[in-house]
2 protein chains.
Amino acid sequence: MATIRDVAKLAGVSVSTVSRVLNKNGYVHTETENKVADAIQRLDYEPNAVARGLANQKTMTLALILPDITNPYFPLLSKAVENVARAYGYSVILCNADDHLGEPKSYIELLRQAYIGGIIFATHALEPQDIDYLNKHQIPFVVLDRAPTRQYSVVRSRNYEGAKLAVRHLLDSGCRQIAHIYGPPEIFTASERRQGYMDSVQAYDWYRPELMVPGDFQLEGGMEAAKQLMERHPDIDGIFAGNDLMAVGALKALLRMGIKVPEQVAICGFDGIFLTEVIEPELTTIAQPIYEMGALAVKILLGKIAGSDDLDQVHELEVSLVVRQSTKRGKLE
Amino acid sequence: MATIRDVAKLAGVSVSTVSRVLNKNGYVHTETENKVADAIQRLDYEPNAVARGLANQKTMTLALILPDITNPYFPLLSKAVENVARAYGYSVILCNADDHLGEPKSYIELLRQAYIGGIIFATHALEPQDIDYLNKHQIPFVVLDRAPTRQYSVVRSRNYEGAKLAVRHLLDSGCRQIAHIYGPPEIFTASERRQGYMDSVQAYDWYRPELMVPGDFQLEGGMEAAKQLMERHPDIDGIFAGNDLMAVGALKALLRMGIKVPEQVAICGFDGIFLTEVIEPELTTIAQPIYEMGALAVKILLGKIAGSDDLDQVHELEVSLVVRQSTKRGKLE
DNA sequence: ATCAGATGTGGTACCGGTACCATATTTAGC
DNA sequence: GCTAAATATGGTACCGGTACCACATCTGAT
């Protein structure tokens, strides 16, 4: 494999000059530049990424840390991250955080000694001490789906407003008793959505706290919760699930119980994952711009790496109601 | 960040000695080793991965190249790869090949100049010249789902046998006219499955070539194909789809047409992705050991990196029939 | 004509490890 | 007691880039 010294020798110049040509910094005579370009071409030279990383104390690699890539929310997100990163010359290292929780050496230290350029956190397993560590060592990072704060840059979407949108849509579809399956309270987005639900329904006389039941953001939790809800409150005619996976679980449970969707019970999810279009009936959902969120996260991160410090701390994206079969009932009863 | 020289200074030894302690090679007196270990501890020293990579001309990083992570087959595979790789101290770079097909500089060159340790190809966009390149530059690699050959190590599963298993199961479930939706002919696994179907049904008097229709291994292709099949051959009572995604598509199309599954038509897929358990009715499928395939691929790759050259070239794993609702009909008519 | 600043190029220390070679000391065999 | 091998340690070139510094030449303004 050709090195910069080989190129220098062939072009009859010093390595400094070749380096200048490569990085387009410093003065280089056009004629010299051509000679160097020619040598590069002839040797099929490519600068070595590792050597560059060592010299610059920084590599063209980003890390994406997420709970579990098999969760259907994350493939699209990671695709966005990878695509945009690559467009800017960066590679992406994938880290499934859930599988390595109790590990002695944290991911972050591992990444630092690999001179990683920056990190995107799509996991909730990010502790305050990790944040301190990142800031102390000046490692650029962006966080997804977190509470707004001045401690870091966040990319998120309007969960609260989305939840209100969902409830409004269910009401508009003729539902008169809407339950909510909420996600784990330690996940901030789940709480926001729950709050959106509460604030939307509290004024109605049919509302009772028992209409809110916990799920785990997984399929099973949704099934379980829906079953429980329908057994205890048979007159529920609408379910708003805190995420799509639970909504699909709820749908599954209802179908098994012989309850017709949307005729007897309408269902609305949250996230806008591909799965909602696969099942039958297709699921109405509050769609987050997942790809855009991933793409934006990378762009902000690259901005930070480049040194811009004045990037907005919070980037909140709009969600949108996607109406599908699961809420298409004969309006108004 | 502490370097090896800092450790050497603190321990009162040379960098060579520290290096020997770190890599456990060469002679080091126990007492000296303790001093060094102590210094490492005190400085919270971690050897720098990039510097190591440069010195060794090899990094602790693997690349996983796949068509598209949003295809539901790949998240579990990539999780397996990442898990096992990390257990051995390796990181994994994710590459979505589909999105970068026509690019001037191939992925592989990019990875080589990053001193990547090895590559796992789960994509079909691997050309013969790429393979020459890999071999020429001695880059260890493993390929998934390819035809057996002596050119490289392959991890695959018994597609042909699986297809026969699927047809047998449909027959056992009482189907008397079984159609097949096959995947793209350029994908070898799709052809194997098709062949398995053909060899299983050819002897029956009901068999006609028109019972085989092409799909694209995607949801849409499955829907389209199923629709066409049922319109042209209303007496079909069983469909074997070349993969789960098309099977789910077929199911969706049938449900929309008001055809009952499994009562009127039974459906069997192939792959064993999570999606088959999510939908209702749940889908019978020929399950590949996806996680195990990923894990095995990494292990073989690591073996190659370590220098074992005698690893079996072809590793073929067993598939298994997973019977679910979509084929549970009142047996024998 | 003079000189400051712009332009152009080379030399080389450094990034943080590895591994080869040299050297010193200890152990063991005869 | 002598020599070969084993044990123990240090010095340093090298991996392949970057970037600072030194130095030379060329412009253009006064």
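These figures come from a predicted structure and were not determined experimentally.
Counting only heavy atoms from C-beta outward, the side chains of B:R156 and B:L144 never approach each other to under 4.5 Å. Between B:E316 and B:S157, every side-chain heavy-atom pair lies at or beyond the 4.5 Å cut-off. No side-chain heavy atom of B:M60 sits under 4.5 Å from any side-chain heavy atom of A:L110.
Distance from the side chain of B:S16 is smallest to C:dA19 among D:dG16, C:dT12, C:dA19. When distances run from any side-chain atom of B:A55 to the nucleotides C:dG17, D:dG17, C:dG11, the shortest one goes to C:dG17.
For A:Y45 and D:dG16, the shortest distance from a side-chain N or O to OP1 or OP2 is not below 4.0 Å. Proximity of B:S19 to the phosphate of C:dT18: a side-chain N or O atom is located under 4.0 Å from OP1 or OP2. Considering only side-chain N and O atoms, B:Q57 lies nowhere under 4.0 angstrom from the phosphate OP1 or OP2 of C:dT18.
What separates NZ of A:K24 from C1' of C:dT7 is a distance of 18 Å, to the nearest Å. Rounded to an integer number of Å, the gap from B:R112 CZ to D:dG16 C1' is 14 Å. The distance from atom CD of A:Q113 to atom C1' of C:dG16 is 11 Å, rounded to the nearest whole Å. A straight line from CE of B:M1 to P of C:dG16 spans 7 Å, rounded to a whole angstrom. A:M60 places its CE atom 17 Å from the C1' atom of D:dG16, with the value rounded to the nearest Å. When rounded to the nearest whole Å, the span between CD1 of A:I4 and C1' of C:dT12 equals 13 Å. One can place CG of B:N48 at 8 Å from C1' of C:dC15, the figure rounded to the nearest angstrom. Atom C1' of nucleotide D:dG17 and atom CG of A:D6 are separated by 13 Å, given to the nearest angstrom.
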- Note on the structure: Going 5' to 3' through nucleotides 4-9 of chain D and flagging B where a protein heavy-atom sits under 4.0 Å of the base, S where only the sugar-phosphate is that close, and - otherwise, we get --SBBB
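Where A:N56 and B:V15 meet DNA chain D, the nucleotide closest to each residue was compared, and B:V15 sits on the side nearer the 5' end. A residue-by-residue look at B:R5 and A:L54 shows that B:R5 has its nearest nucleotide of DNA chain D further toward the 5' end.
Within the 3.5 Å criterion, the main-chain N or O of A:V314 finds no donor-acceptor partner in the side chain of A:D312. Side-chain atoms of B:T59 come within 3.5 Å of backbone N or O of B:Y115 as a donor-acceptor pair. The backbone N or O of B:H124 sits less than 3.5 Å from a side-chain atom of B:R146, completing a donor-acceptor pair. Without hydrogens or angle criteria, A:E46 side chain to B:E109 main chain gives no donor-acceptor distance under 3.5 Å.
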